[in-house]
Amino acid sequence: MATLPALIERVRQTQAWKSVFRRGPARSNRTRSLAVFGNLFLHYLPVKVRERALRVRATYYLGSISLILFLVLSITGIFLMFYYHPAVPQAYRDIKDLQFVVSNGVFLRNAHRLAAHLMVLLVFAHMFHVFYRGGYKPPHEFNWVVGVILLLVTLFLSYTGYLLPWDQLAFWAITVGTNIISSMPVVGGRVRFLLLGGNLVGENALLRFYVLHCVILPLVAVWFIAVHFWRIQKDGGLTVKDTDERKE
Amino acid sequence: MSENPKAPGNPDAPESCEKCEVGRRDFLNEISFGALAVAGLGSAVVSYQYFSPNVLFEPPTKFRAGSPDLYPVDSVTYLQDQLVYIMRSAAGFWAVSAVCTHLGCITAWHPETNLIQCPCHGSKFKQDGVKVAGPAPRPLPHFSITLSPDGELVVDKLETVQPSQVLKV
């Protein structure tokens with residue numbers, strides 16, 4: 001009976017393993033670096049970080065928590081899509097079904113809703129924290145701009161998701177919100193018409209907000225999140241301040 | 001071949017021909033980017049058209065409001081399906097929108113104050129649509145109101161008219 005380390009070693013020697021992991025075990029700094037460089041899912045992360053940047057008070061992990069919430073929202077959102085029709089009046093009934101009929105539906109719906117609220121909160125907190133640390137200063141200016149775009153995408157995601165339950169709150173929130181849009185000079189009325197697909201918050205508006213919420217905005221978010229993480233590394237890592245050095 | 005100064009791969013090849021005004025590379029670049037720009041602009045226009053619906057399944061904006069006898073003199077009648085007030089005074093009929101000009105909430109007629117009031121942000125309007133309080137930027141619009149040949153009131157919500165315009169019956 002082979003011991004576990006011996007078993008792992010035997011798996012590592014197989015052709016299949018070697019075809020996936022071209023480099024040997026990550027035992028030295030060099031092979032550890034190569035493992036990160038050679039992995040699609042890790043290559044945008046830094047190979048090494050300063051210890052100070054890992055302290056809780058350096059970031060409070062606000063960005064990481066925002067990312068985790070985005071993942072939670074993606075997963076719960078995909079689960080909700082299995083029961084939701086973006087149609088009038090079926091959308092409202094589907095939400096009621098999710099709440100009262102579907103097993104664990106109320107958990108998923110509430111998880112999605114709570115995570116959405118938390119994500120808006122966390123993204124704002126992340127932004128304030130970066131601002132007060134001076135994280136927007138060179139060489140991080142571009143990543144700050146990407147962060148502002150991500151904040152807007154988060155808010156648009158939140159806003160488009162607001163209409164989907166198709167209840168009174170949703171209807172009036174979108175009515176008021178799109179009327180704010182129509183007060184934009186010159187193009188306001190056209191933008192509102194295009195966004196709603198009509199003059200009223202109706203079937204077209206529900207479908208358009210659904211597509212924006214479930215396809216377009218998440219794709220934009222994923223794209224900019226990738227750029228955001230990539231740029232942290234390319235701009236020389238997280239902002240580290242002298243005060244992070246103090247030990248308590 | 002190596003004698004040709006413009007041969008591809010020759011490090012000394014000039015970026016563009018000095019004698020002619022536009023080199024081949026510049027010309028091809030301009031042609032291709034120009035074609036891309038035209039195609040991009042065209043797709044933008046076509047996409048814009050695609051996203052503007054031509055047929056809307058919204059309630060008709062022109063509707064019959066019944067016989068004038070249904071509305072007593074000095075009355076305000078709220079038509080819930082159409083979001084319109086039909087007002088009648090001794091002078092005649094007029095139709096006022098019930099949608100607040102601030103952010104689109106539905107107003108309500110309050111007979112005790114003789115005012116139209118918006119529940120969202122507190123705008124108040126007189127019976128002729130003129131704002132007396134609140135954030136609404138414009139008075140409530142008046143809609144065209146006419147008599148059909150068979151003697152019924154017809155309101156067209158796409159056609160706004162001057163507040164002075166009153167239908168005499």
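Quick note: numbers below take in every heavy atom, side chains included, and nothing from hydrogens, waters or symmetry partners. A, B, ... follow the sequence lines: proteins, then strands. Residue 1 opens every chain.
- By the 6.0 Å contact criterion, CZ on A:Arg231 is enclosed, its count of non-hydrogen atoms from other residues, nucleotides or ligands being greater than 12.
- Here the side chains of A:Leu200 and B:Leu56 are not in contact, with every heavy-atom distance at 4.5 Å or above.
- Both the backbone and the side chain of A:Asn199 come within less than 4.5 Å of a heavy atom of chain B.
- Within 6.0 Å of the CZ atom in B:Phe63, the count of heavy atoms belonging to other residues, nucleotides or ligands exceeds 12.
- Atom CZ of B:Phe27 has 12 or fewer heavy atoms from other residues, nucleotides or ligands within 6.0 Å.
- Using a 4.5 Å heavy-atom threshold, the side chains of B:Leu103 and A:Trp172 count as separate.
- Scanning all heavy atoms of the two residues, the minimum distance from A:Arg190 to B:Ser52 falls at NH2-OG, 3.3 Å.
- Applying the 6.0 Å contact sphere to OH of B:Tyr71 captures more than 12 heavy atoms from other residues, nucleotides or ligands.
- More than 12 heavy-atom neighbours from other residues, nucleotides or ligands sit within 6.0 angstrom of OH on A:Tyr136.
- At least one side-chain heavy atom of A:Val176 sits less than 4.5 Å from a side-chain heavy atom of B:Cys105.
- Considering every non-hydrogen atom in both A:Leu194 and B:Phe51, the closest pair reads CD2-O, 3.4 Å.
- Scanning all heavy atoms of the two residues, the minimum distance from A:Gly197 to B:Pro53 falls at O-CG, 3.3 Å.
- In A:Phe79, the CZ atom is not crowded: 12 or fewer heavy atoms of neighbouring residues, nucleotides or ligands sit closer than 6.0 Å.
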